[in-house]
Amino acid sequence: MKSILLVLLSSVALNFTGNCDVIGSTQTVKVKVNDVAILPCFSTSNMTNAIVKWKQEQSNKKYVHFYRSGDDNVDDQDENFRGRTSLSRKEMSGGNVSLKLTNVTELDAGNYTCDARVETSPETVQHRKCNVTLIVEPEKDPAVDRKQVRVPGTTQKRK
Ligand SMILES: *[C@@H]1O[C@H](CO)[C@@H](O)[C@H](O)[C@H]1NC(C)=O
Ligand SMILES: *[C@@H]1O[C@H](CO)[C@@H](O)[C@H](O)[C@H]1NC(C)=O
Ligand SMILES: *[C@@H]1O[C@H](CO)[C@@H](O)[C@H](O)[C@H]1NC(C)=O
Ligand SMILES: *[C@@H]1O[C@H](CO)[C@@H](O)[C@H](O)[C@H]1NC(C)=O
Ligand SMILES: *[C@@H]1O[C@H](CO)[C@@H](O)[C@H](O)[C@H]1NC(C)=O
């Protein structure tokens with residue numbers, strides 16, 4: 001499996017100078033709760049007609065964002081991300097398949113992968129993979145300054 005992938009990648013690399021899959025380091029993005037996060041991923045091709053799969057490690061079966069045939073496909077999207085993700089069509093034509101994620105919550109923290117492939121001619125597919133780690137910092141909470149002890153995960157309103 002892995003060797004098939006390597007053969008595929010190297011054949012792609014032969015056709016495209018300056019290819020990018022070897023860059024391969026994980027990028028880290030740090031935002032606060034409710035911020036907008038941009039998860040970076042770039043290709044050198046026009047990605048308008050690409051298949052772009054953004055996934056999160058923790059929700060393996062469903063997509064964070066799935067783009068295909070020039071359109072977003074929400075059928076297989078993890079509902080936690082519904083209405084919060086977007087790819088910029090304008091940016092995609094320049095190879096930028098970074099994902100915009102709005103209304104970030106602490107549950108969004110984790111590792112994301114992007115798998116983007118585009119046919120650049122009938123014989124050649126350009127394939128780009130990106131790893132991004134999203135770190136979410138808590139919102140500034142005045143209660144913390146008042147030294148209240150809070151049990152993680154339970155925020156109860158006092159009557
Ligand atoms: C992404 O992470 C996976 C495993 O976590 C690793 O196998 C892969 O090589 C990484 N890819 C890149 C482009 O860094
Ligand atoms: C994101 O937050 C804004 C307010 O900050 C709200 O108007 C909007 O409906 C939220 N969107 C989603 C998808 O939750
Ligand atoms: C890539 O696209 C995103 C929008 O999806 C944009 O916010 C970001 O600035 C773009 N990055 C570059 C380097 O153009
Ligand atoms: C990218 O491809 C689309 C669809 O083929 C095309 O409409 C657009 O003009 C291209 N953009 C650039 C910058 O080449
Ligand atoms: C994300 O990946 C890193 C290694 O690249 C790993 O140390 C970390 O535990 C992962 N985080 C989650 C939430 O899976």
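Read the numbers this way: they start at 1 and go in the same order the structure lists the ligands and their atoms.
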**Request:** Check for a donor-acceptor pair, side chain of Trp54 on one end and backbone N or O of Ser98 on the other, with a separation under 3.5 Å.
**Result:**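 Not confirmed, Trp54 side chain does not pair with Ser98 backbone.
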**Prompt:** Is the side chain of Arg68 donor-acceptor paired with the backbone N or O of Lys53 at a distance under 3.5 Å, no angle test?
**Reply:**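 Such a contact is absent between Arg68 side chain and Lys53 backbone.
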**Request:** Would you mind listing which atoms of ligand 3 come within a distance below 4.0 Å of any non-hydrogen atom of Phe42?
**Result:**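 Those of ligand 3 that fall under 4.0 Å from Phe42 are 11 (N), 12 (C), 13 (C).
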**Message:** Under a 4.0 angstrom heavy-atom cut-off, which atoms of ligand 3 come close to Ile38?
**Reply:**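 The list of qualifying atoms is 7 (O).
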**Item:** Contact (N/O only, under 3.5 Å) between Asn103 and ligand 2
**Value:** yes
Measuring to protein heavy atoms, does anything land under 4.0 Å from [atom]?
| atom | result |
| --- | --- |
| atom 5 (O) of ligand 4 | yes |
| atom 2 (O) of ligand 2 | yes |
| atom 8 (C) of ligand 2 | yes |

**Prompt:** Among all residues two or more places apart in sequence or in another chain, which pass the disulfide (SG to SG under 2.5 Å) test with Cys114?
**Reply:** none
**Message:** Out of all atoms in ligand 4, which are within 4.0 Å of some heavy atom of Asn46? Include the element for each.
**Reply:** 1 (C), 2 (O), 3 (C), 8 (C), 10 (C), 11 (N), 12 (C), 14 (O)
**Item:** Option among Glu57, Lys55, Gln56 that satisfies the side chain to side chain donor-acceptor pair (under 3.5 Å) test with Asn111
**Value:** Glu57
**Request:** Decide whether an N or O pair under 3.5 Å exists between Ser86 and ligand 3.
**Result:** no
**Item:** Between Asn34 and Glu139, a side-chain donor and acceptor under 3.5 Å
**Value:**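 The answer is yes; a qualifying pair exists.
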**Message:** Do Glu119 and Thr124 pair up side chain to side chain, a donor and an acceptor below 3.5 Å, judged on atom types alone?
**Reply:** no
**Request:** Give the residue and atom name of whichever protein heavy atom lies nearest to atom 10 (C) of ligand 3, and the separation in Å to one decimal.
**Result:** Asn96 ND2, 2.5 Å
**Asked** Taking only residues two or more places apart in sequence or in another chain, which ones pass side chain to side chain contact (heavy atoms under 4.5 Å, CB included) with Asp72?
**Response** His65, Tyr67, Arg89
